[in-house]
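Working notes, beginning with the structure itself.
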Amino acid sequence: MARILIVDDEVHVVGALRRLLRREGFSIEVALNGEEALEKLATFPADVVISDFRMRGMNGLELLARVLSIAPKAVRVLISGHADLSGGSQSGIISHFISKPWDDDRLVADVRALLDGRGSVTPGP
């Protein structure tokens, strides 16, 4: 069973993603900020880390850069309604970007494709 860490400072977003991905059979952990996410990764070897871009403290791009250095095999997904990627995908920090609001079916399909290929998928429309 694939392990997914969801990171967002909005509790309702974390809850929605947790419910959606649990129904699909994934093992889920959540964190409400970047520091908590890094602590969780010490005991929860995530296959995928899904992080919001805009969070208090460490933003999602900063978090995913840290994830890349400590868990380089983890797929790194940035999710946001208005992200300035600042070259994150070009530098290899981000495996995939998902826009808010997301489409449930597309998000699940993208996560599965990322797990199968352990790399990037073609962005949706």
Side-chain angles (χ1 to χ4, degrees):
M1 172 184 336
R3 297 169 305 270
I4 301 175
L5 175 62
I6 300 166
V7 189
D8 198 310
D9 58 358
E10 295 182 48
V11 175
H12 69 281
V13 171
V14 168
L17 286 169
R18 179 189 326 184
R19 284 188 299 277
L20 171 65
L21 294 169
R22 247 195 205 143
R23 277 196 311 259
E24 297 296 321
F26 297 112
S27 174
I28 305 295
E29 281 288 333
V30 300
L32 297 176
N33 59 57
E35 290 300 325
E36 184 182 353
L38 294 172
E39 290 171 14
K40 294 260 179 165
L41 283 173
T43 58
F44 182 77
D47 298 303
V48 177
V49 177
I50 299 174
S51 178
D52 185 33
F53 178 71
R54 289 192 178 184
M55 297 184 290
R56 290 179 227 42
M58 184 185 316
N59 73 35
L61 192 57
E62 294 166 334
L63 170 62
L64 294 179
R66 300 262 309 263
V67 170
L68 176 60
S69 69
I70 62 173
K73 292 185 179 181
V75 176
R76 296 160 312 280
V77 178
L78 190 67
I79 186 167
S80 183
H82 32 55
D84 169 14
L85 298 181
S86 304
S89 58
Q90 291 81 8
S91 65
I93 295 170
I94 302 167
S95 305
H96 188 62
F97 177 80
I98 296 175
S99 296
K100 285 182 182 177
W102 64 84
D103 173 87
D104 286 353
D105 293 335
R106 177 68 191 219
L107 186 143
V108 169
D110 286 354
V111 168
R112 289 192 187 286
L114 288 162
L115 284 164
D116 289 344
R118 294 294 170 151
S120 61
V121 298
T122 304

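Below, all heavy atoms of this structure are taken into account, side chains as well, without hydrogens, waters or symmetry copies. Because the structure is predicted, anything quoted here is derived from the model rather than measured.
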Practice problem: Verify the cluster assignment for Ile4 and Met1: are they in a single hydrophobic cluster under the rule of side-chain heavy atoms below 4.5 Å apart? | Solution: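 No; Met1 is not reachable from Ile4 via cluster members.
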Quiz item: So do Val49 and Val75 actually touch side chain to side chain, heavy atoms under 4.5 Å?
Solution: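 A side-chain contact under 4.5 Å is absent here.
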Self-check item: Student check: side-chain heavy atoms of Leu114 and Val48 closer than 4.5 Å
Solution: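 Leu114 does not reach Val48 side chain to side chain.
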Go through the structure and list residues passing side-chain contact (heavy atoms from CB on, under 4.5 Å) with [X], not counting sequence neighbours.
{"X": "Glu36", "value": "Ala31, Leu32, Asn33, Lys40"}
{"X": "Arg18", "value": "Ile6, Val14, Arg22, Ile28, Val30"}
{"X": "Glu10", "value": "Asp8, His12, Val13, Lys100"}
{"X": "Arg3", "value": "Ser27, Phe44, Pro45, Asp47"}

Practice problem: Mind checking salt bridge (charged side-chain N to carboxylate O under 4.0 Å, His left out) for Glu24 and listing every partner two or more places apart, or none if nothing turns up? | Solution: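 Glu24 satisfies salt bridge (charged side-chain N to carboxylate O under 4.0 Å, His left out) with Arg112 once adjacent residues are dropped.
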Quiz item: Among Leu20, Val77, Ile50, which one satisfies side-chain contact (heavy atoms from CB on, under 4.5 Å) with Val111?
Solution: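 It is Ile50, the one option of Leu20, Val77, Ile50 that forms the side-chain contact (heavy atoms from CB on, under 4.5 Å) with Val111.
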Check [X] against [Y] and note the closest heavy-atom contact, atom names and distance.
{"X": "Ala37", "Y": "Leu5", "result": "O-CD2, 3.7 Å"}
{"X": "Phe97", "Y": "Ser80", "result": "CZ-O, 3.7 Å"}
{"X": "Ala65", "Y": "Ile93", "result": "N-CG2, 3.5 Å"}
{"X": "Asp52", "Y": "Asp9", "result": "OD2-OD1, 4.1 Å"}
{"X": "Leu68", "Y": "Gly92", "result": "CD2-O, 3.9 Å"}
{"X": "Ala46", "Y": "Leu41", "result": "CB-CD2, 3.8 Å"}

Rounded to the nearest 0.5 Å, how far apart are [atom1] of [X] and [atom2] of [Y]?
{"X": "Ile98", "Y": "Ser51", "atom1": "CD1", "atom2": "OG", "result": "11.5 Å"}
{"X": "Ser99", "Y": "Leu107", "atom1": "OG", "atom2": "CG", "result": "11.0 Å"}
{"X": "Phe53", "Y": "Leu61", "atom1": "CZ", "atom2": "CG", "result": "6.0 Å"}
{"X": "Asn59", "Y": "Leu64", "atom1": "CG", "atom2": "CG", "result": "9.0 Å"}
{"X": "Leu21", "Y": "Arg23", "atom1": "CG", "atom2": "CZ", "result": "9.0 Å"}

Practice problem: Give every residue pair that meets the side-chain hydrogen bond (donor to acceptor under 3.5 Å, both in side chains) criterion with at least one member in residues 61-71, sequence neighbours excluded. | Solution: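 Residue pairs passing side-chain hydrogen bond (donor to acceptor under 3.5 Å, both in side chains), neighbours aside: none found.
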